[in-house]
Asker: 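The structure under discussion is supplied below as structure tokens; questions concerning it will follow.
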Amino acid sequence: MISCDYVRHMARYNRWMNDKLYAVAGTLPQTALDAERGAFFGSISGTLNHLLVADTIWLKRLAAHPAGFASLAPLQALAMPARLDLPLADGFAALQARRRQLDALIVQWSLELTPAALAQALDYHNTRGEAQNRPLPEVLVHLFNHQTHHRGQLTTLLSQLGLDVGVTDLIAMPAA
């Protein structure tokens, strides 16, 4: 389904796009970021926070993968978010700092991923506590697709405020 190179490419794309979104969102006052906009997670801040929550959940699950990814060890100190909208940071600067940390971790982890690890399924419990066993490639496609989905919502919210994130196409990402 996917390769380690695909995961590395998507990790770079994820970081690139998040940097672009945060650069544009950072031009807004906190009140505008926190304003209810009718999005699934309410506001720009709520959507940015949700992405942090979801990434934290998935990375903590990946940290328990049989491959024992050393790069994910720092996640052991983080509590597993109990809700998909649990506030993880107070204010835009704290959200951005946490986003940069997670994006760096995702890139670092992607470099550690091997074909053997990619071939192993992931056992985890979903947010309802139900045991799951999924092929790791499926989990990783979901991880990156989920981020893209919500970044699309964010670009719309920012566009409605007259702000342009610029080109978001994967193919437009600068070479490494």
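All residue numbers in this chain count up from 1 along the given sequence. Only a predicted model underlies this, so the values are computations on that prediction, with no experimental measurement involved.
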Asker: Would a hydrophobic clustering, with Ile, Leu, Val, Met, Phe, Trp and Tyr connected at side-chain separations under 4.5 Å, put Val141 with Leu122?
Answerer: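 Yes; Leu122 is reachable from Val141 via cluster members.
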Asker: For residues 56-82, which residue pairs pass the salt bridge (charged side-chain N to carboxylate O under 4.0 Å, His left out) check, not counting sequence neighbours?
Answerer: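 Output for this query is empty, none listed.
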Asker: From Leu88 CG over to Leu102 CG, what is the distance, rounded to the nearest 0.5 angstrom?
Answerer: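 CG of Leu102 is found 8.5 Å from CG of Leu88.
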Asker: How far apart are the closest heavy atoms of Val165 and Val24, and which atoms are they?
Answerer: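 Here Val165 and Val24 meet closest at CA-CG2, 3.9 Å.
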Asker: Tell me whether Phe144 is reachable from Val107 by hopping between hydrophobic residues (I, L, V, M, F, W, Y) whose side-chain heavy atoms are closer than 4.5 Å.
Answerer: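 No, because Val107 and Phe144 fall into different hydrophobic clusters, even though each may have its own neighbours under 4.5 Å.
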Asker: Can you tell if the side chain of Leu84 reaches within under 4.5 Å of the side chain of Ile57, non-hydrogen atoms only?
Answerer: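 In short, these two side chains touch, coming nearer than 4.5 Å.
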Asker: Of the non-hydrogen atoms in Ala79 and Thr56, which two are nearest, and what is the gap between them?
Answerer: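 Nearest pair, atom of Ala79 first, then Thr56: O-CG2, 4.4 Å.
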Asker: Spell out, yes or no, whether Phe40 and Val53 are grouped together once hydrophobic residues are joined by side-chain heavy atoms under 4.5 Å, including indirect joins.
Answerer: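 Same cluster: Phe40 reaches Val53 through Ile, Leu, Val, Met, Phe, Trp or Tyr contacts under 4.5 Å.
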Asker: What distance separates Tyr124 OH from His65 NE2, expressed to the nearest 0.5 Å?
Answerer: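 Atom-to-atom, Tyr124:OH and His65:NE2 are 12.0 Å apart.
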Asker: Starting from the C-alpha separation in whole Å, work towards a yes-or-no answer on side chain to side chain contact (heavy atoms under 4.5 Å, CB included) for Leu170 and Met17.
Answerer: CA-CA 9 Å; Leu170 174 66; Met17 280 306 307; over 6 Å; no
Asker: By the side-chain hydrogen bond (donor to acceptor under 3.5 Å, both in side chains) test, which pairs, at least two apart or in different chains, include something from residues 102-111?
Answerer: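 Listed by first then second residue: Asn14-Asp103, Asn18-Asp103, Arg99-Asp103.
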Asker: Apply side-chain hydrogen bond (donor to acceptor under 3.5 Å, both in side chains) to Glu130 and list each qualifying residue two or more places apart in sequence or on a separate chain.
Answerer: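 Result, side-chain hydrogen bond (donor to acceptor under 3.5 Å, both in side chains) vs Glu130: Asn126, Arg128.
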Asker: Which residues satisfy the side-chain contact (heavy atoms from CB on, under 4.5 Å) test with His146, sequence neighbours excluded?
Answerer: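 side-chain contact (heavy atoms from CB on, under 4.5 Å) check on His146 returns His50, Leu51, Ala54, His142, His150.
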Asker: Please name the pair of heavy atoms, one in Ser71 and one in Glu112, separated by the smallest distance, quoted to 0.1 Å.
Answerer: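 Nearest heavy atoms, Ser71 then Glu112: OG-OE1, 2.5 Å.
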Asker: Under the ring-ring contact (aromatic ring centres under 6.0 Å, His included) rule, what pairs show up with a residue in residues 156-176, not counting sequence neighbours?
Answerer: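 Non-adjacent pairs meeting ring-ring contact (aromatic ring centres under 6.0 Å, His included): zero.
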Asker: Nearest 0.5 Å, please: how far is CZ in Phe41 from CG in Leu154?
Answerer: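 Result: 11.0 Å between the selected atoms.
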Asker: Just to verify, what does Thr47 make a side-chain hydrogen bond (donor to acceptor under 3.5 Å, both in side chains) with, not counting sequence neighbours?
Answerer: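 Checked Thr47 against side-chain hydrogen bond (donor to acceptor under 3.5 Å, both in side chains); zero matches.
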Asker: Report the C-alpha distance between Leu75 and Leu105 in whole Å, list the side-chain angles of each, state the deciding distance to 0.1 Å, and finish with yes or no for side chain to side chain contact (heavy atoms under 4.5 Å, CB included).
Answerer: CA-CA 9 Å; Leu75 293 170; Leu105 199 63; 3.7 Å; yes
Asker: What are the two closest heavy atoms between Leu158 and Ala25, and how far apart are they?
Answerer: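 Closest pair (atom of Leu158, atom of Ala25, distance): CD2-CA, 4.2 Å.
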Asker: Can you list every salt bridge (charged side-chain N to carboxylate O under 4.0 Å, His left out) pair that touches residues 2-18, not counting sequence neighbours?
Answerer: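 For residues 2-18, and leaving out neighbouring residues, the salt bridge (charged side-chain N to carboxylate O under 4.0 Å, His left out) pairs sorted by first residue read Asp5-Arg8.
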Asker: Using the test salt bridge (Lys or Arg N to Asp or Glu O under 4.0 Å), find all partners of Arg134 that sit at least two apart in sequence or belong to another chain.
Answerer: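 Listed in chain order: Glu138.
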Asker: Applying a strict under-4.5 Å side-chain criterion to I, L, V, M, F, W and Y, I'd like to know whether Tyr13 and Met1 cluster together.
Answerer: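 Per the 4.5 Å side-chain linkage, Tyr13 and Met1 are co-clustered.
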Asker: Got a donor-acceptor contact below 3.5 angstrom from the Thr27 side chain to the Ala23 backbone?
Answerer: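 Here the side-chain-to-backbone pair does not exist.
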Asker: Would you mind listing every side-chain hydrogen bond (donor to acceptor under 3.5 Å, both in side chains) that reaches into residues 76-94, with sequence neighbours excluded?
Answerer: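 Of all non-adjacent pairs touching residues 76-94, those that pass side-chain hydrogen bond (donor to acceptor under 3.5 Å, both in side chains) are Arg83-Asp85.
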Asker: What closest approach, in Å, do Phe69 and Leu62 show between heavy atoms, and which atom pair accounts for it?
Answerer: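 The answer is CD1-O, 3.5 Å.
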Asker: Grab the two heavy atoms, one from Leu143 and one from Trp58, that are nearest each other, plus how far apart they are.
Answerer: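 Residues Leu143 and Trp58, closest heavy atoms: CD1-CB, 3.8 Å.
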Asker: Please assess Leu163 against Leu28 for the test side chain to side chain contact (heavy atoms under 4.5 Å, CB included), listing each intermediate value before the final yes or no.
Answerer: CA-CA 10 Å; Leu163 300 173; Leu28 294 170; 3.6 Å; yes
Asker: Atom CZ of Arg98 and atom CG of Asp55: how far apart are they, to the nearest 0.5 Å?
Answerer: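 Those atoms lie 10.5 Å apart.
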Asker: Any donor-acceptor pair under 3.5 Å linking the side-chain atoms of Asp34 with those of Ser43?
Answerer: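 No - no donor-acceptor pair under 3.5 Å links their side chains.
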Asker: Are any non-hydrogen side-chain atoms of Leu86 and Asn49 less than 4.5 angstrom apart?
Answerer: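 Leu86 does not reach Asn49 side chain to side chain.
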Asker: List in chain and number order the residues that pass salt bridge (Lys or Arg N to Asp or Glu O under 4.0 Å) with Glu36, two or more places apart in sequence or in another chain; answer none if no residue qualifies.
Answerer: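 Glu36 satisfies salt bridge (Lys or Arg N to Asp or Glu O under 4.0 Å) with no residue once adjacent residues are dropped.
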Asker: To the closest 0.5 Å, what do you measure between CG (Leu48) and CZ (Phe92)?
Answerer: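 Spacing of CG (Leu48) from CZ (Phe92) equals 6.5 Å.
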Asker: Show me the pairs that pass salt bridge (charged side-chain N to carboxylate O under 4.0 Å, His left out) and involve residues 164-176, at least two apart or across chains.
Answerer: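 For residues 164-176: none.
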Asker: With rounding to the nearest 0.5 Å, note down the distance linking CH2 in Trp16 to CE in Met10.
Answerer: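 One finds 11.5 Å between CH2 of Trp16 and CE of Met10.
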Asker: Stepwise, does the side chain to side chain donor-acceptor pair (under 3.5 Å) test hold for Asp123 with Gln132?
Answerer: CA-CA 6 Å; Asp123 291 317; Gln132 303 290 310; over 6 Å; no
Asker: If you look only at distance, which donor and acceptor atoms sit under 3.5 Å apart when one is on a side chain in residues 113-120 and the other is two or more places apart or in another chain?
Answerer:
unit_1 : atom_1 : unit_2 : atom_2 : d
Thr114 : OG1    : Ala117 : N      : 3.1

Asker: Evaluate the side chain to side chain contact (heavy atoms under 4.5 Å, CB included) criterion for residues Leu59 and Ile106: first the C-alpha distance (whole Å), next the side-chain angles of each, then the deciding distance (0.1 Å), finally the verdict.
Answerer: CA-CA 8 Å; Leu59 290 170; Ile106 291 168; 3.8 Å; yes
